[in-house]
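The analysis underlying the following values was restricted to heavy atoms, covering all of them including side chains, and did not include hydrogens, waters or symmetry mates. This is a predicted model, so every value here is computed, not measured. Counting convention: from 1, in listed order, for ligands and their atoms alike. One is the number of the first residue; the rest follow in order along the sequence.
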Amino acid sequence: MKTFSIAIHGGAGTLVKGMMTPELEAKYKDALKDALDAGYYLLENGGTAVDAVEVAVKSLEDSHLFNAGKGSVFTAEETHEMDASIMDGKTLNAGAVSLITGIKNPVSLARDVMEKSEHVFLAGEGAMRFAEGLNYHIEDANYFYDDFRHKQWLEIKDTDSFQLDHSTKKDSKFGTVGAVACDHDGNIAAATSTGGMTNKKWGRVGDSPMIGAGNYANNKTCAVSCTGSGEFFIRGVVAYDVSCLMEHKNMSLKDASNEVINKRILEIGGDGGLIAVDSQGNIAMPFNTEGMYRASKSSIGIETVSIYKN
Ligand code: ASP
């Protein structure tokens, strides 16, 4: 039987001393484990990689601990604007949404764009009209509200600054989420979902919904989901860069992921990390920050749930 595997992340960043209590750490780890198990369960029962990444990301979106779905950061207008994407490495089909509001699980809307529209990327009002056409329920703002996120926003709301969830300045609560999986048939997929940056304005969109930047999957090479300073990840076309190094330079998943996160993205000033799998079920999870919420599980007996560098 072929090796199947899944890896997930809940954001990469800097942890400010004293912010992380043992209780909070346990909560994060439980939430990661729940999402991991949900995806792995599907794979174990013959589910596809696309199903597994969607279910894992939905579980993380439903937790207020992470900056995606419930618990998304606040924009400059005190609203939530969410971005998500999904890609199927077997067909190279992809779907993405950005600047959406009120949708409980943005990753599912991205999947619907992939499977029920002729397009890849829908944004803002148009994406919302598409969701209405599919009878998505629109949650009110309270559903997404998280006290910690609101405090983060209050601290910078009247300034011109916008803040990455994992800025070194003050906050420690990073949390863009993602999943990558390799199924029984060696098909791979990636999904990523985020609320973006605190106090963002002007319709700012990061790397997470951009195919090739924050998310990419191709059975020939790898499935990748990124987290970090989105502007740099867009400029570095990070997820596709890992794939290119594998395809054109014959690098392994591990070497290609390391080259991009610990060299190329650092050279242009970006910080963050990624999770990746290939069609043999190998997993890589490099990051150049202090920590990255992450977890992995594979049919050859690997199981990890970690936050800091080991
Ligand atoms: N990459 C995301 C963005 O720039 C943020 C993150 O990963 O925390 O929107």
**Request:** Examine the side chains of S85 and T192 and answer whether a donor and an acceptor come within less than 3.5 Å of each other.
**Result:** no
**Residue pair D112 / Y136, side-chain donor-acceptor N/O under 3.5 Å** = yes
**Request:** Could you tell me which residues satisfy salt bridge (charged side-chain N to carboxylate O under 4.0 Å, His left out) with D51, sequence neighbours excluded, listed by chain and number?
**Result:**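 Expected list: R111.
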**Asked** Would you say K200 touches ligand 1, if touching means a heavy atom closer than 4.0 Å?
**Response**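 K200: no contact with ligand 1 (<4.0 Å).
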Between ligand 1 and [X], is the shortest N or O to N or O distance under 3.5 Å?
X    : answer
N67  : no
G230 : yes
E231 : no

Can you list the ligand 1 atoms lying under 4.0 Å from a non-hydrogen atom of [X]?
X    : answer
D207 : 1 (N), 2 (C), 3 (C), 4 (O)
T227 : 6 (C), 7 (O), 8 (O)
S208 : 1 (N), 2 (C)
G196 : 9 (O)
T176 : 2 (C), 5 (C), 6 (C), 7 (O), 8 (O)

**Message:** I need the single residue from K58, E54, E61 that forms a side-chain hydrogen bond (donor to acceptor under 3.5 Å, both in side chains) with N105. Which is it?
**Reply:** E61
Identify whether the distance between the nearest side-chain nitrogen and carboxylate oxygen of [X] and [Y] falls below 4.0 Å.
X    : Y    : answer
K297 : E303 : yes
K220 : E247 : yes
R264 : E259 : yes

**Message:** Test of understanding: given a 4.0 Å heavy-atom threshold, classify the contact between M292 and ligand 1 as side chain, backbone, both, or neither.
**Reply:**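 Under 4.0 Å from ligand 1, M292 contributes no heavy atoms.
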